[in-house]
Amino acid sequence: MKSTFQTIEGTSDLLPGAPKALVRTEVWHHIERGIHEIMRRHGFSEIRTPILEHTGLIARGIGQLTDIVSKEMYTFERGNTNYVLRPELTAPIMRSYLQHHLEQQPGVQRLYYLGACFRAERPQKGRYRQFHQFGAEIIGTEDPRADAEIIAVMMEVYRALGLLETRLRINTLGSAETRPQYREALVRYLEPHRETLTGVSQDRLSRNPLRILDTKVEAERKILKEAPRLYAYLDEESRRNYEALKRVLASIAIPYLEDPMLVRGLDYYTRTAFELEHDGIGAQSALAGGGRYDLLAPAIGAKKPVPAVGFAAGMERLILAMEGSGLPLPESDPFDVWMIALGDAAGEKAFIFVQSLRRAGLRAGLELTGRSMKAQMRLANRAGSRWVVILGEKELETEQAIVKDMVTGEQIAVPFMGLTQNLTEKLK
RNA sequence: GUGACCGUAGCUCAGGCGGUUAGAGCGCCAGGUUGUGGCCCUGGAGGUCGGGGGUUCAAGUCCCCUCGGUCACCCCA
């Protein structure tokens with residue numbers, strides 16, 4: 001170890017040309033481009049919110065009892081304010097929606113985002129302390145088509161990037177009115193089994209019993225087989241909504257699996273909940289998740305519920321999944337032209353040409369350390385440049401540069417005057 | 001927060017039960033071609049063997065501590 005400082009545990013530098021796809025800048029550009037394109041096509045507009053938020057927004061929005069709030073937040077105090085590095089973006093976006101009265105804008109709001117989030121967990125494959133999410137929200141309608149639309153954009157992003165082996169699981173959590181009834185029934189059923197449950201589940205039994213449903217412990221799953229189903233407690237509207245969602249998904253050919261045990265970790269979800277899964281991201285299986293969260297707005301201070309539905313997806317997990325599926329990922333950003341100069345006078349002239357090429361829109365490069373021609377050629381080759389322009393004393397005299405095709409090896413003399421145009425045309 | 005495993009050149013890794021100048025491949029630099037890349041050949045630079053302590057005549061190798069990483073649990077993106 002030479003440097004005294006290095007990246008903080010669970011964070012990483014992205015480097016151009018890095019051997020690992022997960023931290024290669026070019027790969028990030030690739031998926032970011034895909035996300036922007038699909039979102040744009042679906043009529044979503046990008047929203048950017050600060051990385052720093054009031055701790056209270058997250059605590060009240062996501063829920064005190066969630067793992068995120070109870071043990072995974074990076075918070076700090078300064079003056080009288082308690083700050084948090086955002087652990088997710090849905091609450092901040094709802095905050096922004098309310099703060100800027102976006103309900104006054106025409107129609108429903110379709111917003112998408114892309115950005116860094118922070119959670120103070122022990123890092124492992126597919127889970128990091130600084131990680132990146134992208135996602136989308138439709139705010140302002142209860143229509144189940146909005147739920148379907150959210151699922152559709154989400155699926156489209158993965159499809160556009162070539163990731164096809166995914167599983168969509170959906171469920172409904174019922175309304176704010178009926179959920180307590182089910183919750184009670186579930187507790188009543190589980191209470192006699194209390195001794196068989198794990199410590200965590202026992203704790204949840206009193207605090208957040210629905211979460212027990214998605215347990216992985218075999219003994220608990222067995223008990224749950226006979227447990228009352230949420231579906232039996234649904235109110236008429238939730239049931240209708242759920243049926244409509246399934247109908248719409250089918251109508252646009254999005255396959256899904258119904259999973260009555262699917263419960264999401266954040267408190268703000270009502271009705272629709274869904275998760276997109278993929279194998280081979282280490283022990284993690286969730287690529288993305290989301291659902292309807294009409295109660296988030298009142299939880300963070302709005303006078304009444306604001307109907308909203310959205311998804312959040314992990315960018316690291318997306319890359320890991322793409323890599324695992326053997327999808328081609330960009331390795332480097334090749335140059336169009338590489339300029340080679342021999343001698344000081346040629347060096348200065350070359351610099352002028354390079355700038356001219358760049359202004360004309362080409363990706364043009366040159367070495368600044370005055371190395372041998374062989375060395376410069378090697379660099380041109382490494383840069384993946386299709387064309388090389390050679391400028392030496394002879395060329396300065398004749399005012400003609402040598403243009404070399406790195407694929408065929410052919411080279412021709414081109415007058416200085418027409419150099420930029422010549423190369424621009426070649427690269428069309 | 002808990003557990004397991006791993007730290008030897010820029011990267012990936014060799015270094016039988018401790019023994020003398022710590023190696024390879026790739027990468028980097030230079031030369032072979034006095035102005036021409038990719039292939040090939042030759043040479044070179046680059047290592048407090050993560051750090052500290054201990055055992056020993058002798059430690060990269062054994063023991064302890066510590067730091068860092070990876071993976072897993074919990075949970076989630």
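In this text, all values refer to a predicted model and were calculated from it rather than measured experimentally. Numbered from 1 within each chain, the chains take letters A, B, ... in sequence-line order.
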Using the P atom on both, measure B:G25 against B:U61 and round to a whole Å. 25 Å

For A:Glu88, answer base if it contacts any base atom (sugar-phosphate contacts may also be present), sugar-phosphate if it contacts only those atoms, and nothing otherwise; contact means non-hydrogen atoms under 4.0 Å. nothing

Are OP1 or OP2 of B:A72 and a side-chain N or O of A:Gln124 less than 4.0 angstrom apart? yes

Identity of whatever pairs with B:A72 - Watson-Crick or G-U, under 3.5 angstrom: B:U2

Hey, is A:Arg110 close enough to A:Glu149 for a salt bridge, meaning N to O under 4.0 Å? yes

Give A:Lys125 one of three labels, base, sugar-phosphate or nothing, depending on what nucleic acid heavy atoms sit under 4.0 Å from its own. sugar-phosphate

Provide the distance between the two C1' atoms, one in B:C5 and one in B:G10, to the nearest whole Å. 25 Å

Which nucleotide, in any strand shown, forms a Watson-Crick or G-U wobble pair with B:A9, with both distances under 3.5 Å? none

What's the shortest heavy-atom distance between A:Arg292 and A:Arg271, and which atoms? CD-CB, 4.3 Å

Please work out if A:Glu275 contacts a base, only the sugar-phosphate, or nothing of the nucleic acid, heavy-atom cut-off 4.0 Å. nothing

Rounding to an integer number of Å, can you tell me how far A:Arg382 CZ sits from B:C29 P? 7 Å

Determine the Euclidean distance between corresponding P atoms of B:U70 and B:A30; express it in Å to zero decimal places. 34 Å

Check every strand shown and say whether A:Leu287 touches a base, only sugar-phosphate, or nothing at a heavy-atom separation below 4.0 Å. sugar-phosphate

Gap between atoms CD and P, on A:Glu72 and B:C75 respectively (whole Å): 11 Å

Pull out every protein N or O sitting under 3.5 Å from an N or O of nucleotides 5-7 of chain B, one pair per line with the distance.
none

With a non-hydrogen cut-off below 4.0 angstrom, is A:Tyr128 in contact with a base, only sugar-phosphate, or nothing? base

Base of B:U36, side chain of A:Gln411 - is there a donor-acceptor contact under 3.5 Å? yes

Give the rounded distance in Å between these two atoms: NZ of A:Lys394 and C1' of B:U34. 12 Å

Could you give the CZ-to-P distance, from A:Arg119 to B:G1, as a whole number of Å? 18 Å

Whole-Å distance, A:Glu367 CD to B:U36 P, equals 17 Å

Under 30°, 30 to 60°, or over 60°: which ring-plane class applies to A:Trp338 and A:Phe335, parallel, tilted or perpendicular? perpendicular

Distance between P atoms of B:U21 and B:C41 (Å, rounded): 32 Å

On a plain distance test, is the side chain of A:Lys404 in donor-acceptor contact with the base of B:U36 below 3.5 Å? yes

Which part of the nucleic acid, if any, lies within reach of A:Gln284 when heavy atoms closer than 4.0 Å are counted: base, sugar-phosphate only, or nothing? base

So what does A:Ala380 touch, heavy atoms closer than 4.0 Å: a base, only the sugar-phosphate, or nothing? nothing

Contacts of A:Ile402 and A:Ala312 projected onto RNA chain B by closest heavy atom; the upstream (5') one is A:Ile402

P spacing across the pair B:G60 / B:G23, given as an integer number of angstrom: 14 Å

So, under a plain 3.5 Å distance rule, would you say the side chain of A:Asn381 forms a donor-acceptor pair with the base of B:G38? no

Students often mix this up, so state it plainly: with edges at 30° and 60°, are the rings of A:Phe311 and A:Phe134 parallel, tilted or perpendicular? perpendicular

Taking any strand in view, what nucleotide pairs with B:C28 in a Watson-Crick or G-U wobble way, both distances under 3.5 Å? B:G44

One thing to verify: whether A:Glu46 and A:Arg48 come together as a salt bridge, which I'm taking to mean a side-chain N less than 4.0 angstrom from a carboxylate O. yes

Donor-acceptor pair under 3.5 Å: do we get one between A:Gln6's side chain and the base of B:G69? no

If I take atom CD in residue A:Gln133 and atom C1' in nucleotide B:A77, what distance separates them, rounded to the nearest angstrom? 5 Å

Under 4.0 Å between any heavy atoms, over every strand shown, what does A:Gly282 touch: base, sugar-phosphate, or nothing? Just pick one. sugar-phosphate

Quick test of your reading of the model: are A:Glu258 and A:Arg169 salt-bridged, counting only N-O distances below 4.0 Å? no

Salt bridge present between A:Arg95 and A:Glu53 (N-O < 4.0 angstrom): yes

For B:U48 versus B:G43, give the span between their C1' atoms, rounded off to a whole number of Å. 27 Å

Among B:A77, B:C71, B:G1, the one nearest A:Arg122 by side-chain distance: B:G1

For the residue pair A:Phe416 and A:Phe353, is the inter-centroid distance of their aromatic rings smaller than 6.0 Å? yes

Shortest side-chain distance from A:Met406, nucleotide among B:A72, B:G27, B:G37: B:G37

With both distances under 3.5 angstrom, what nucleotide forms a Watson-Crick or G-U wobble pair with B:U21? none

Can you tell me how far P in B:G69 sits from the matching atom in B:C75, rounded to whole Å? 25 Å

With a 4.0 Å cut-off on N to O distance, would you call A:Asp147 and A:Arg145 a salt bridge? no

Rounded to whole Å, the CG-C1' distance (A:Leu15 to B:G10) equals 12 Å

Can you check whether any acceptor in the base of B:C28 is under 3.5 Å from a donor in the side chain of A:Arg378, or vice versa? no

When rounded to the nearest Å, what value does the distance between P atoms of B:G51 and B:C57 take? 24 Å

Result for 5'-nearest mapping on RNA chain B, choosing between A:Leu379 and A:Asp405, is A:Leu379

If you compare every side-chain N and O of A:Arg371 against the phosphate oxygens of B:C29 (OP1, OP2), does one of them come in below 4.0 Å? yes

Nearest-Å distance for atom pair CG/P, residues A:Leu89 and B:A77: 12 Å

Show, in sequence, the C-alpha distance, side-chain angles and deciding distance for A:Glu397 and A:Lys394, and conclude whether the salt bridge (charged side-chain N to carboxylate O under 4.0 Å, His left out) test is met. CA-CA 5 Å; A:Glu397 273 173 37; A:Lys394 275 185 260 171; over 6 Å; no

Is A:Thr11 close to A:Tyr128 at the side-chain level, that is, under 4.5 Å between some pair of heavy atoms? no

